[in-house]
Amino acid sequence: MVEAQTWTTRRMSNPRLDSTEQVLDIPPTPPGEHRNSFGSNGGGLSPTVVTALIIASWYLSNIGVLLLNKYLLSFYGYRFPIFLTMLHMLSCAAYSYASINFLEIVPLQHIHSKKQFLKILALSAIFCFSVVCGNTSLRYLPVSFNQAIGATTPFFTAIFAFVITCKKETGEVYLALLPVVFGIVVASNSEPLFHLFGFLVCVGSTAGRALKSVVQGILLTSEAEKLHSMNLLLYMAPLAAFILLPFTLYIEGNVFALTVEKARGDPFIVFLLLGNATVAYLVNLTNFLVTKHTSALTLQVLGNAKATVAAVVSVLIFRNPVTVMGMVGFGITIMGVVLYSEAKKRSKVTTH
């Protein structure tokens, strides 16, 4: 697993997680790794019930962090998305350390070379850009529109994969991307709360998330250097916080003093920030657990559905206006993502 502005007054909305998620977005668990028994017996519950509970927790944490980010950045008036992202990173670092060293969810892996460290640092920088942009966009765009834009990640992934690795997809895959883009064009033209800057930074967040996935595939494919997703988050999160610190101080001013002052006048902000940071980590933890108990493909399908659920829930809670054409555009984009997933699956079967 969040996300400069001349801040004026959306959740971690999409604060991909990741993304997010984009917001906080961690790579899939490498296959064939040793996994301990965490979550395997579910306290005597059947495997089906345990899996259902984990999926429900993943949905709740993803949507929850989106809505909390939106509330904080847009409605509550906490206008510091970079600082908020830094809090998310610090939270992920602390919780990851506890999960690996004390709960022993996965075995601890160490960074064993300068080259590996630089690779992780590069991923952290791309990750910071993506999450900060995602969080910033939530100040200007409704969650529903943010989720629609985030659904175009496959489009940017295909572009970066071609530019960086010269990897070509089949014609069917590229054709499936057309409705992904067309749907966003339709939704953008009919979005009542369209904001150009919010739109641009949300596109930047989506592109950053796609770039991270491509670079990640290049940099961490070596068997000698491959890190488990939760170990990768353990090392990426503090590096990301370190990268964000000078930016939040320069762009957002004396944000520490302002936050303390706000907390004195309204202690509820402390609960909001701590809760928001905790849920941001849960996005990553449940992402790993869903992959462990199902598969990476199932996670992708669930993610497509999550965007729709998050959009509907945000409209019900925040009452942002929507249009018929906007819903049609969002539906076209989601349909394109589904077609893209199916085309990718068929192309992999053909090449093997």
Side-chain angles (χ1 to χ4, degrees), residues 3-23 63 66-67 69-70 73-75 81 129-130 132-160 173-211 303-341 343:
E3 8 267 77
Q5 93 220 36
T6 18
W7 305 128
T8 60
T9 272
R10 161 181 180 183
R11 140 213 125 136
M12 179 182 183
S13 154
N14 182 347
R16 306 190 284 119
L17 291 78
D18 29 290
S19 17
T20 321
E21 97 191 62
Q22 312 278 22
V23 100
I63 296 174
L66 268 172
L67 299 181
N69 280 358
K70 175 64 177 176
L73 297 169
S74 186
F75 292 90
F129 173 79
S130 174
V132 169
C133 285
N135 284 344
T136 302
S137 72
L138 288 175
R139 295 192 58 236
Y140 304 98
L141 300 177
V143 175
S144 53
F145 189 42
N146 176 283
Q147 289 293 295
I149 298 172
T152 62
T153 300
F155 171 76
F156 292 100
T157 302
I159 291 177
F160 286 127
V173 171
Y174 287 123
L175 283 175
L177 292 173
L178 294 180
V180 173
V181 178
F182 178 70
I184 287 303
V185 173
V186 173
S188 300
N189 287 333
S190 57
E191 172 56 49
L193 299 180
F194 182 85
H195 189 286
L196 181 59
F197 178 71
F199 174 78
L200 292 176
V201 292
C202 192
V203 170
S205 171
T206 305
R209 190 160 54 247
L211 177 61
N304 296 338
K306 175 193 66 86
T308 304
V309 174
V312 172
V313 171
S314 71
V315 170
L316 294 175
I317 293 177
F318 298 119
R319 305 288 181 179
N320 56 281
V322 292
T323 64
V324 173
M325 287 305 296
M327 291 187 290
V328 169
F330 190 14
I332 293 173
T333 294
I334 294 299
M335 180 188 69
V337 173
V338 173
L339 292 175
Y340 170 83
S341 300

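Below, all heavy atoms of this structure are taken into account, side chains as well, without hydrogens, waters or symmetry copies. Everything numeric here is computed off the predicted structure, so don't read it as measured data.
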Student: Please name the pair of heavy atoms, one in Val143 and one in Ala310, separated by the smallest distance, quoted to 0.1 Å.
Tutor: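 Heavy atoms only, the tightest pair is CG1-O, 4.2 Å.
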Student: Determine whether a donor-acceptor pair (N or O, by modelled atom type, separation under 3.5 Å) exists between the side chain of Thr152 and the backbone of Val181.
Tutor: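 Checked: no pair found.
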Student: Mind listing the side-chain donor-acceptor pairs of residues 321-330 below 3.5 Å, one per line with the distance, residues two or more places apart or on another chain?
Tutor:
from, atom 1, to, atom 2, distance (Å)
Thr323, OG1, Ser190, O, 3.1
Thr323, OG1, Gly326, N, 2.9

Student: Using every non-hydrogen atom in the two residues, find where Ile334 and Ala307 come nearest and quote the distance to one decimal.
Tutor: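 Closest approach of Ile334 to Ala307, heavy atoms only: CD1-CB, 4.2 Å.
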Student: Can you tell me how far apart CD1 (Ile149) and OG1 (Thr333) are? Round to the nearest 0.5 Å.
Tutor: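 Ile149 CD1 to Thr333 OG1: 9.5 Å, rounded to 0.5 Å.
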Student: Partners of Phe160 by ring-ring contact (aromatic ring centres under 6.0 Å, His included), sequence neighbours excluded?
Tutor: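 In terms of ring-ring contact (aromatic ring centres under 6.0 Å, His included), with neighbours along the sequence ignored, Phe160 is linked to no residue.
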Student: Side-chain polar contacts of residues 196-204 - donor-acceptor pairs under 3.5 angstrom, sequence neighbours left out - could you list them?
Tutor:
none

Student: Applying side-chain contact (heavy atoms from CB on, under 4.5 Å) between Leu175 and each of Leu178, Leu177, Val173, report the one that passes.
Tutor: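 By the side-chain contact (heavy atoms from CB on, under 4.5 Å) criterion, Leu175 pairs with just one of Leu178, Leu177, Val173: Leu178.
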Student: I would like to know whether Phe155 and Tyr340 meet side-chain contact (heavy atoms from CB on, under 4.5 Å); could you show each step before the answer?
Tutor: CA-CA 9 Å; Phe155 171 76; Tyr340 170 83; over 6 Å; no
Student: Look up atom CZ in Phe129 and atom CG in Leu211, then write down how far apart they are to the nearest 0.5 Å.
Tutor: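 Separation between the atoms: 9.0 Å.
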Student: If you measure from CZ on Phe182 to CE on Met335, what distance do you get to the nearest 0.5 Å?
Tutor: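 Here the interatomic distance stands at 9.5 Å.
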Student: Is the closest side-chain heavy-atom distance between Tyr140 and Ser74 below 4.5 Å?
Tutor: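 SC-SC contact between Tyr140 and Ser74 ruled out.
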Student: Return the minimal non-hydrogen interatomic distance between Ala158 and Tyr174, and the atom names on each side.
Tutor: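 Closest pair (atom of Ala158, atom of Tyr174, distance): CB-CE2, 4.4 Å.
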Student: Heavy atoms only: give me the nearest Asn320-Pro142 pair and the separation to one decimal.
Tutor: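 Result for this residue pair: ND2-CB, 3.5 Å.
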Student: Thr206 and Gly150: which non-hydrogen atoms are nearest, and at how many Å?
Tutor: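 Shortest heavy-atom separation between Thr206 and Gly150 comes out as OG1-CA, 3.6 Å.
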Student: Give the minimum heavy-atom separation between Ala311 and Gln147, together with the two atoms involved.
Tutor: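 So the two residues come closest at N-CG, 4.5 Å.
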Student: Using a 3.5 Å distance criterion without hydrogens, assess whether the side chain of Ser188 forms a donor-acceptor pair with backbone atoms of Val185.
Tutor: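 Side chain of Ser188 to backbone of Val185, a donor-acceptor pair under 3.5 Å: no, none is there.
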